[in-house]
Q: 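Quick one: structure below, then a few questions.
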Amino acid sequence: MLQSDKKKCFIELGKFLAQFSANGSSRNDTVLYNDLFFDDFEALIHLSQSHNGWYTPEQVYFAVQSWVEALTEENLNQWLSRYNLSEVKPKNVGLILAGNIPLVGFHDFLSVLVAGHKAIVKTSSNDQKLLPFLAKYLFAVCPDWQQNITFVEGKLENFDAVIATGSNNTARYFDYYFKNKPSIIRKSRNSVAVLDGSESKEQMVALGEDIFRYFGLGCRNVSKLFIPKDYNFDLFFNGMFPYQDVIQYEKYANNYDYNKAVFLMSNFKLLDNEFLTIKEDPGYASPISSVFYEYYDNLSQVQAKLENDREQIQCIVSNGLIESSVAFGQTQKPALWDYADNVDTIQFLAGL
């Protein structure tokens, strides 16, 4: 299949996904195969929460719309123009996907196919429905890809390379099990925000998006703040206030109650607004419904720490305080070329 044809397949998928929104899905009669897929996908979005309690319709719609923004001809061309994929010899690439947020493994899936390989996909038990459905849509648009996409439930076999995502514990298993194969092994990471107190209320509201989107379960969710020693938390909490309805969701509320109780029983000093706890802590991986913070004396100190801990960091959010940082509210809207763990997936696949 020509590279242009591969891109067209995903552009058509983007057009299909563009019909689905939390503000109300709307059928576009120019979209291919709507009669076969539109109603079923809308139903799947609303059923996703029964498959994974964290996959509320709002969160699934957001994930879908994020891919709508990415799967445009302009973005695909900009992304792939830097690579020479004409000499790629097709290989079987195993994908072991995470399931912490909806469609979290879609970028790896997309990358394998546009690079010219075959994808052998093992989905997470937490996200077994969405990606296979989108693959069926691709089969309708591009029948040739039926030979290039396989979903497996058991042991991953007959692969030439692997991209696997999991926790730090499972990553150790992956490192051992796939030691004789070319691989990308992704571990747990977290994202941070660096503040200096000059941020606007609008920026703090946007930071709330980085914290609360997907209930904080993604590696791109901000789980820790770096703040100057004289920092006043009033602006921060005012920015978080619009997200107060998150406590109405039972799974989140249960985590809030449990983690707050654990902190209090351990006599930790907390700041609390009744739906989010703030705790001073040197770690990065705060539990659901909590954000850690750490004081700094100067920004060079923060820069050095983040550089030293770069294997634990996915994104850095700031108002331009840290080089290559992400703007507030943008962590869950990565571009196609914003690679997880800063590992160039296409370059890896092109070299197989």
Side-chain angles (χ1 to χ4, degrees), residues 52-55 63 93-109 111 121-128 131 155-156 159 161-194 210-226 251-252 255 258-259 262-263 266 268 277 279-294 302 304-317 326 331-332 334 338-345 348:
N52 181 334
W54 295 109
Y55 284 19
V93 180
L95 297 177
I96 299 178
L97 306 182
N100 49 322
I101 66 175
L103 292 172
V104 67
F106 187 84
H107 192 278
D108 289 336
F109 175 79
S111 298
V121 186
K122 184 174 178 61
T123 60
S124 166
S125 60
N126 291 323
D127 190 3
Q128 295 182 319
L131 185 59
K155 185 179 179 182
L156 198 67
F159 57 90
V162 66
I163 301 175
T165 304
S167 67
N168 290 339
N169 286 333
T170 56
R172 284 191 286 269
Y173 165 77
F174 291 153
D175 283 332
Y176 175 78
Y177 188 74
F178 301 124
K179 60 184 177 182
N180 296 321
K181 299 285 186 178
S183 64
I184 295 176
I185 307 297
R186 299 202 183 99
K187 305 176 183 179
S188 298
R189 291 199 179 211
N190 297 92
S191 297
V192 305
V194 181
D210 298 325
I211 292 172
F212 291 105
R213 175 59 59 190
Y214 302 127
F215 302 105
L217 290 167
C219 64
R220 300 181 70 89
N221 284 105
V222 168
S223 59
K224 179 165 184 173
L225 312 175
F226 286 92
K251 286 178 71 70
Y252 182 92
N255 276 269
Y258 173 79
N259 290 317
V262 170
F263 289 155
S266 301
F268 290 127
T277 55
K279 174 179 176 287
E280 186 174 2
D281 195 293
Y284 291 105
S286 61
I288 296 172
S289 76
S290 181
V291 171
F292 291 159
Y293 67 89
E294 184 173 336
V302 180
K305 179 177 176 61
L306 294 176
E307 176 62 25
N308 186 63
D309 295 342
R310 62 185 179 275
E311 295 299 320
Q312 302 178 58
I313 305 298
Q314 190 68 261
C315 299
I316 302 170
V317 180
V326 179
T331 61
Q332 295 297 348
D338 291 331
Y339 292 107
D341 302 0
N342 294 315
V343 176
D344 190 323
T345 313
F348 166 77

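Bear in mind the structure is a predicted one, so any value in this text is a computation, not a measurement.
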Q: Measuring from atom CD1 of Ile185 to atom CD1 of Ile163, what distance do you get when rounded to the nearest 0.5 angstrom?
A: 9.5 Å
Q: Which heavy atom of Asn259 sits nearest to which heavy atom of Ser289, and what is that distance?
A: ND2-OG, 4.0 Å
Q: What closest approach, in Å, do Ile211 and Asn221 show between heavy atoms, and which atom pair accounts for it?
A: O-ND2, 3.5 Å
Q: Please report the closest heavy-atom contact between Cys315 and Ile313, naming both atoms and the distance.
A: O-CG2, 3.6 Å
Q: Mind telling me whether Tyr339 and His107 have parallel, tilted or perpendicular rings, with 30° and 60° as the class edges?
A: perpendicular
Q: Which atom pair, heavy atoms only, marks the closest approach of Leu156 to Gly94?
A: CD2-CA, 3.8 Å
Q: Under the side chain to side chain contact (heavy atoms under 4.5 Å, CB included) test, which residues partner Ser124, sequence neighbours left out?
A: Asn126
Q: Test Gln332 against Asp210 for side chain to side chain donor-acceptor pair (under 3.5 Å), laying out the working first.
A: CA-CA 7 Å; Gln332 295 297 348; Asp210 298 325; over 6 Å; no
Q: As an exercise, state the distance from NZ of Lys122 to CG of Leu95, rounded to the nearest 0.5 Å.
A: 12.5 Å
Q: Are any non-hydrogen side-chain atoms of Val291 and Leu225 less than 4.5 angstrom apart?
A: yes
Q: So, using side chain to side chain donor-acceptor pair (under 3.5 Å) as the criterion, who are the partners of Asn169 when residues are at least two apart?
A: Arg172
Q: How long is the straight-line distance from OH of Tyr252 back to CD1 of Ile288, given to the nearest 0.5 Å?
A: 8.5 Å
Q: For Val192 and Val302, what are the C-alpha separation, side-chain angles and deciding distance, and is it a side-chain contact (heavy atoms from CB on, under 4.5 Å)?
A: CA-CA 11 Å; Val192 305; Val302 180; over 6 Å; no
Q: Would you say that Thr170 contacts Ile96 through its side chain, given a criterion of any heavy-atom pair below 4.5 Å between the two side chains?
A: no
Q: I'd like to know if the side chain of Ser223 and the backbone of Ala285 have a donor-acceptor N/O pair within less than 3.5 Å.
A: no
Q: Just to verify, what does Asp344 make a salt bridge (charged side-chain N to carboxylate O under 4.0 Å, His left out) with, not counting sequence neighbours?
A: none
Q: Who passes side chain to side chain donor-acceptor pair (under 3.5 Å) against Ser286, sequence neighbours left out?
A: none
Q: Please, which pairs that meet salt bridge (charged side-chain N to carboxylate O under 4.0 Å, His left out) have at least one residue in residues 178-191, sequence neighbours excluded?
A: Asp108-Arg186, Arg189-Glu311, Arg189-Asp341
Q: Give me each pair satisfying salt bridge (charged side-chain N to carboxylate O under 4.0 Å, His left out) with a member in residues 279-291, each pair once, sequence neighbours excluded.
A: Lys279-Asp281
Q: Students often mix this up, so state it plainly: with edges at 30° and 60°, are the rings of Phe263 and Phe292 parallel, tilted or perpendicular?
A: tilted
Q: Among residues at least two apart in sequence or on other chains, which ones pass salt bridge (charged side-chain N to carboxylate O under 4.0 Å, His left out) with Lys251?
A: none
Q: Return the set of residues passing side chain to side chain contact (heavy atoms under 4.5 Å, CB included) with Asn308 (not counting sequence neighbours), or none when no residue passes.
A: none
Q: Identify each donor-acceptor pair in which a side-chain atom of residues 98-105 lies under 3.5 Å from a protein atom, sequence neighbours left out, and give them as a table.
A:
{"residue": "Asn100", "atom": "ND2", "partner": "Leu217", "partner atom": "O", "Å": "3.1"}

Q: Taking side chain to side chain donor-acceptor pair (under 3.5 Å) as the test, write out the residues that go with Ser290, two or more places apart.
A: Thr277
Q: Evaluate the ring planes of Phe226 and Tyr284, with Trp represented by its six-membered ring, and classify them as parallel (under 30°), tilted (30 to 60°) or perpendicular (over 60°).
A: tilted
Q: Rounded to the nearest 0.5 Å, what separation is found between the CG atom of Leu97 and the CZ atom of Phe106?
A: 11.5 Å
Q: Can you tell me how far OG of Ser191 sits from CD1 of Ile316, rounded to the nearest 0.5 angstrom?
A: 8.5 Å
Q: Please identify each residue that fulfils side chain to side chain donor-acceptor pair (under 3.5 Å) with Glu307, with sequence neighbours left out.
A: Arg310
Q: With sequence neighbours excluded, what pairs up with Tyr177 under the side chain to side chain contact (heavy atoms under 4.5 Å, CB included) test?
A: Lys155, Tyr173
